[in-house]
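We name chains A, B, ... by the order of the sequence lines, and we start the count at 1 in each one. Just so it is clear, the values below take in all heavy atoms, side chains as well, and ignore hydrogens, waters and symmetry mates.
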Number of protein chains: 2
Amino acid sequence: MSHPSDRQAPDLAALIARNRPRFRTATEFVEAAMREAILEGVLPAGAPLRQEDLAAAFGVSRMPVREALRQLEARALVEFHPHRGAVVAEISAEDSADIGAIRAALEPAALRLSLLHLTTDDLALATELIAEMDAEADPGRMGELNRRFHMTLYSRAGRPRLLALVEQHLAAADRYLRFQFSALGYHPRSQDEHHALLAACRAGDADAACDIVVRHVIQAGEQLSAFLDGRG
Amino acid sequence: MSHPSDRQAPDLAALIARNRPRFRTATEFVEAAMREAILEGVLPAGAPLRQEDLAAAFGVSRMPVREALRQLEARALVEFHPHRGAVVAEISAEDSADIGAIRAALEPAALRLSLLHLTTDDLALATELIAEMDAEADPGRMGELNRRFHMTLYSRAGRPRLLALVEQHLAAADRYLRFQFSALGYHPRSQDEHHALLAACRAGDADAACDIVVRHVIQAGEQLSAFLDGRG
DNA sequence: TGCCTGGATATTGGATCCAATTTACCTGTC
DNA sequence: GACAGGTAAATTGGATCCAATATCCAGGCA
């Protein structure tokens, strides 16, 4: 029922139509759709965000757009320049390293809190997600699967704020991952690490699992930094 | 001037007057002032945030207030209930533990990145801030000094996003710290830890410094959790 | 020729106005 | 007397309107 082109061709119009009915206030809807659009690269880094245009695209007035932009500003996804408008936040090697440092700090903490409370269902789901990743070629879907895999392992941490932060930065990293993926191709080493991570979780070995996560994050960050530095 | 129908605390007016000239857009100004008001307890947890009242208090229309509220929502300082209004985010033992877990993860990471780049000026400033804390009785000022002390030690990490996150959660913790301070009094143990932390930084001993920070955060969190649990 | 100045234009920031939803209260009935 | 229904008031969400500011281009002056 969904041919590749349906969910693959994520132009702004499709993304809007898909999300419209799910939200009760226009602001919520615009905020969620724009966040997705930015994270998926539909709105590329540096793109100017003209309120009037966005309002027309969403079929609302400028006001919900403005409120949504403010929320995204607080999440560092857009930048405001007073009286000059908002732009999609730029990406850079420094920012990538910044996000990597945050992930390397937060994710082991979440994993450690979650590890012992993971159910067999959780582990089964994680296994399934790894398998799906093997079969997936689209960078967008891949990023989502990767995010869900990690979040599944952290999900029992019982710390909503911590998990929200982890998810937020996992998503932020996706902006880079997608970039990297389409430029370099995805390398299987990451999948090996996923398997190793899952094995450590099954064994309940927190130290080993955290170690793998940290290395996983750092190594991805370094590769990306090198790539971004290389192209300027 | 402020009659019974004014629902906000009386010294909100002072806070507003103090901050007004510093910002160029009304939204920025309102956002900063409200954040400070919430963190300082001027707007207590659970307080309903009537847009009309706030607009009148700030001398602006409802719109900058709405945009500011959206930004604060993204920072988890206020909660929106559709068509029912916004309230100041509640505090709870769980949330305190949540913030503690985040700080315990982020702050050692920031410290480790910053430690070797600290200048003698930084260390001198940190020393001064500890001394000021000894002399300070007001919980509000104390919280600010504590925050500045910590941030001084992290300031050379060279990771803007990480530092912003740390500062944000340090400030969030302040909401609890202030609460604790006025209920329990401040205990000198924390100051001892500050001295020990500074000594480790001077010595360039990252492991020891991180260890102290983690224990510092965890112990504050536990004491606070116990206190909050105790009162319901 | 190059730089500065001034005005026109586009775009955002802020205010006001209208609609939609929720809540509280009042009334009527069981 | 209590509960259900409905209506009115209050408040938010959204749209439109106006003002303030930044950019861009043209023209004058050194």
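Counting to the nearest Å, the P atom of D:dG13 and the CZ atom of A:F29 are 17 Å from each other. D:dT12 atom C1' lies 14 Å from atom CD of B:E73, rounded to whole Å. Residue B:L69 contributes atom CG, which lies 9 Å from atom P of D:dT12 at whole-angstrom precision. Between A:D53 atom CG and C:dA10 atom P the separation is 13 Å, expressed in whole Å. When the C1' atom of D:dA10 is taken as reference, atom CZ of B:R50 falls 9 Å away, rounded to whole Å. Remark: P of C:dT11 and CG of A:L54 are 12 Å apart, rounded to the nearest angstrom. Across the protein-nucleic acid pair, B:E52 atom CD and D:dG13 atom C1' stand 13 Å apart, rounded to whole Å.
With sequence neighbours left out, the side chain to side chain donor-acceptor pair (under 3.5 Å) criterion links A:Y176 to A:D95. Listed by chain and number, the residues in a salt bridge (charged side-chain N to carboxylate O under 4.0 Å, His left out) with B:E31 are B:R35, B:R75 (sequence neighbours excluded). Contacts of A:R70 classified as salt bridge (charged side-chain N to carboxylate O under 4.0 Å, His left out), with partners at least two apart in sequence or in another chain: A:E73, B:E67. Shown here are the side-chain contact (heavy atoms from CB on, under 4.5 Å) partners of B:E52, two or more places apart in sequence or in another chain: B:R62. For A:R147, the side-chain contact (heavy atoms from CB on, under 4.5 Å) partners are A:E144, A:L170, A:A171, A:D174, not counting sequence neighbours.
Remark: B:R84 is not in phosphate contact with D:dT11, judged by side-chain N or O atoms under 4.0 Å from OP1 or OP2.
Side-chain N/O atoms of A:D122 and A:H117 include no donor and acceptor closer than 3.5 Å.
Residue contacts shown for A:L49 are limited to sugar-phosphate atoms, with no base heavy atom under 4.0 Å away.
Positionally, the nearest nucleotide of DNA chain D for B:Q51 lies more toward the 5' end than for the other of B:Q51 and A:H83.
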Listed pairs, N/O of protein and of nucleotides 14-16 of chain D, under 3.5 Å:
{"residue": "D:dG14", "atom": "OP1", "partner": "A:A26", "partner atom": "N", "Å": "2.4"}
{"residue": "D:dG14", "atom": "OP2", "partner": "A:T27", "partner atom": "OG1", "Å": "3.0"}
{"residue": "D:dG14", "atom": "N7", "partner": "B:R66", "partner atom": "NH1", "Å": "3.0"}
{"residue": "D:dG14", "atom": "N7", "partner": "B:R66", "partner atom": "NH2", "Å": "2.8"}
{"residue": "D:dG14", "atom": "O6", "partner": "B:R66", "partner atom": "NH1", "Å": "3.3"}
{"residue": "D:dA15", "atom": "OP2", "partner": "A:S61", "partner atom": "N", "Å": "2.8"}
{"residue": "D:dA15", "atom": "OP2", "partner": "A:S61", "partner atom": "OG", "Å": "2.7"}

